[in-house]
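Below is one structure, written out as structure tokens; comments come after it.
Heavy-atom basis, side chains included; hydrogens, waters and symmetry copies ignored.
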Amino acid sequence: TGQAPLTVTFTALASSSDTNRFEYNFYYMNNSGVYTWSGWQTSNKFTYIYNHSGVYYAEVEVKGIHYEPGVWGWTQTAYSNFARAAVSAPPLHVSISAYPTSGSAPLSVQFNSTVSGGSGNYNYTWVFGDGAISAAANPTHTYSSYGTYTAQLEVTSGTQTAYSNVVNISATAPYSYTFSESGLTSGAVWGITLNGQTKSAAAGSSITFTGLTGSNTWNASNVIYYAGSGFHRVKVTYYPSPQTETVSGSGSTTISYST
């Protein structure tokens, strides 16, 4: 007895007062449960590796041969009792991973499982924490609403059941971000570009982006303002600080302009 993969050696014991040579042919169950002959051999041992759980049997046909130089030999044949090998499945182990584990809803997450042991035939039951389940080995699931969810996998194999580690998923709500400025002359126009979208406002007014998800990089452009009038107009360039940053949640930033 033992856990798969189990190496089993069948040993035959034969004796006869009229025989001076023995040959052996083992009749054993293979991994598919089919009886198979080993073929005649002089060794009284036969070894086989069982990779799956189950109960397997084997017997041996023994041929006893008597031979002396110049004298005809004769053969006797006998069969042994059946030997029994009980093979159990190795312990079932399950672990899971997920990516990404956080982001804005709707959040699509790829789940992956690693399973070992058991009988080799696995049944999967994923619980994603939002009421949805899956029977796939490596499913993708989308969290439509924001919140924190707990995902876990149950695997059954034969008579064994195992549970994975727990993975926490955080699906956040879309957010908004507001920009304001300081340092610009009245009448100047400034702008912010975020994810390819540019918004502008007059000096003293704010700019707000809504419906943002994930991480977003913004850029503030230089502001060119012409002071005075007629032949006395002067070009003034204002430089922003900070000029670029990345945001990943609600908040605000004030851009300071200076010449």
Do the side chains of Trp190 and Val236 join up, straight or via other hydrophobic residues, at under 4.5 Å, putting them in one cluster?
yes
Polar side-chain atom of Thr237 near backbone of Ile224 as donor-acceptor pair, under 3.5 Å:
no
Residues Tyr124, Asn138; criterion side chain to side chain donor-acceptor pair (under 3.5 Å); working and verdict:
CA-CA 9 Å; Tyr124 301 85; Asn138 302 298; over 6 Å; no
In terms of the angle between their ring planes, are Phe128 and Tyr143 parallel, tilted or perpendicular, with boundaries placed at 30° and 60°?
perpendicular
Which heavy-atom pair separates Ser144 from Ala105 by the least distance, and what is that distance?
O-CB, 3.7 Å
OH of Tyr239: more than 12 outside heavy atoms within 6.0 angstrom?
no
Kindly compute the distance separating CD (Gln76) from OG (Ser16), expressed to the nearest 0.5 Å.
4.5 Å
Are any side-chain N or O atoms of Trp126 and backbone N or O atoms of Ala136, one a donor and one an acceptor, separated by less than 3.5 Å?
yes
Return all side-chain donor-acceptor pairs below 3.5 angstrom for residues 146-157, not counting sequence neighbours, or 'none' if the list is empty.
residue, atom, partner, partner atom, Å
Tyr149, OH, Ser145, O, 2.8
Thr150, OG1, Asn168, OD1, 3.3
Gln152, NE2, Ser164, O, 2.8
Glu154, OE1, Tyr163, OH, 3.2
Ser157, OG, Ser119, N, 2.7
Ser157, OG, Ser119, OG, 2.9
Ser157, OG, Asn121, O, 3.1

Could you tell me if Tyr79 and Asn25 have a donor-acceptor pair between their side chains, going purely by distance under 3.5 Å?
no
Val55 side chain reached by Arg84 side chain, heavy atoms, under 4.5 Å:
yes
For Ser176 and Thr210, test the side chains for any donor-to-acceptor distance below 3.5 angstrom and give the result as yes or no.
no
What is the distance from atom CZ of Phe10 to atom OG of Ser38, rounded to the nearest 0.5 Å?
10.5 Å
Would a distance-only check, ignoring hydrogens and angles, find a side-chain to backbone donor-acceptor pair under 3.5 Å from Glu181 to Gly204?
yes
Would you say the ring centroid of Trp37 lies under 6.0 angstrom from that of Phe26?
no
Would Asn222 and Tyr238 count as a side chain to side chain contact (heavy atoms under 4.5 Å, CB included) if you check the C-alpha gap in whole Å, the side-chain angles of each, and the deciding distance to 0.1 Å?
CA-CA 6 Å; Asn222 297 339; Tyr238 292 89; over 6 Å; no
Just checking, is any N or O donor in the side chain of Ser88 or Gln3 under 3.5 Å from an acceptor N or O on the other one?
no
Measure the acute angle between the ring planes of Phe179 and Phe209, then classify it against the limits of 30° and 60° as parallel, tilted or perpendicular.
perpendicular
Distance-only, no hydrogens or angles: does the Asn219 side chain make a donor-acceptor pair with backbone N or O of Thr244 under 3.5 Å?
no
Check the pair Val223, Leu184 against side chain to side chain contact (heavy atoms under 4.5 Å, CB included), reporting the backbone distance first and the verdict last.
CA-CA 9 Å; Val223 174; Leu184 289 179; 4.1 Å; yes
From Ile207 CD1 over to Ile192 CD1, what is the distance, rounded to the nearest 0.5 angstrom?
5.5 Å
So Val87 and His52, side chain to side chain contact (heavy atoms under 4.5 Å, CB included) or not? Walk me through it.
CA-CA 7 Å; Val87 183; His52 309 293; over 6 Å; no
Which atom of Thr246 lies closest to which atom of Ser215, heavy atoms considered
CG2-CB, 4.0 Å
With rounding to the nearest 0.5 angstrom, report the OH to CZ distance, Tyr226 to Arg233.
7.0 Å
So which atom in Ala173 and which in Ser104 form the shortest heavy-atom distance, rounded to 0.1 Å?
O-OG, 4.5 Å
Scanning both residues in full, the closest heavy-atom pair of Tyr257 with Ala220 reads OH-CB, 4.1 Å
With a 4.5 Å cut-off on side-chain heavy-atom distances among I, L, V, M, F, W and Y, is there a chain of contacts connecting Val166 to Ile169?
no
Please report the shortest heavy-atom distance between Gln110 and Pro139, naming the atom on each side.
NE2-O, 3.3 Å
Test of ring centre spacing under 6.0 Å for Tyr48 and Tyr28
yes
N/O donor-acceptor pair under 3.5 Å between Ser113 side chain and Ala137 backbone:
yes
Between Met29 and Val34, is the side chain to side chain contact (heavy atoms under 4.5 Å, CB included) condition met? List the steps.
CA-CA 5 Å; Met29 291 176 68; Val34 178; over 6 Å; no
Which heavy atom of Val94 sits nearest a heavy atom of Ala162, and at what distance?
CG2-CB, 3.8 Å
Anything under 30° is parallel, anything over 60° is perpendicular, the rest tilted; go ahead and classify Phe82 against Tyr35.
perpendicular
Side chain of Glu61, backbone of Trp40: donor and acceptor closer than 3.5 Å?
no
Inspect the contact between Arg21 and Glu23 and indicate whether a charged nitrogen and a carboxylate oxygen are less than 4.0 angstrom apart.
yes
Under 3.5 Å, side chain of Asn31 to main-chain N/O of Asn51, donor-acceptor pair present?
yes
Atom pair CG/OG of Leu212 and Ser248 - distance to nearest 0.5 Å:
10.5 Å
Classify the angle between the aromatic ring planes of Tyr24 and Phe22 as parallel (below 30°), tilted (30 to 60°) or perpendicular (above 60°).
tilted
Side chain Asn195, main chain Gln197, donor-acceptor under 3.5 Å
no
Decide whether Thr254 and Ser180 meet the rule of one side-chain donor and one side-chain acceptor closer than 3.5 Å.
yes
Donor-acceptor pair between Thr9 and Thr47 side chains, under 3.5 angstrom
yes
Is there a donor-acceptor pair closer than 3.5 Å between any side-chain N or O of Asn165 and the backbone N or O of Ile96?
yes
Quick one: CD on Glu245 to CG on Asn216, what's the gap to the nearest 0.5 Å?
13.0 Å
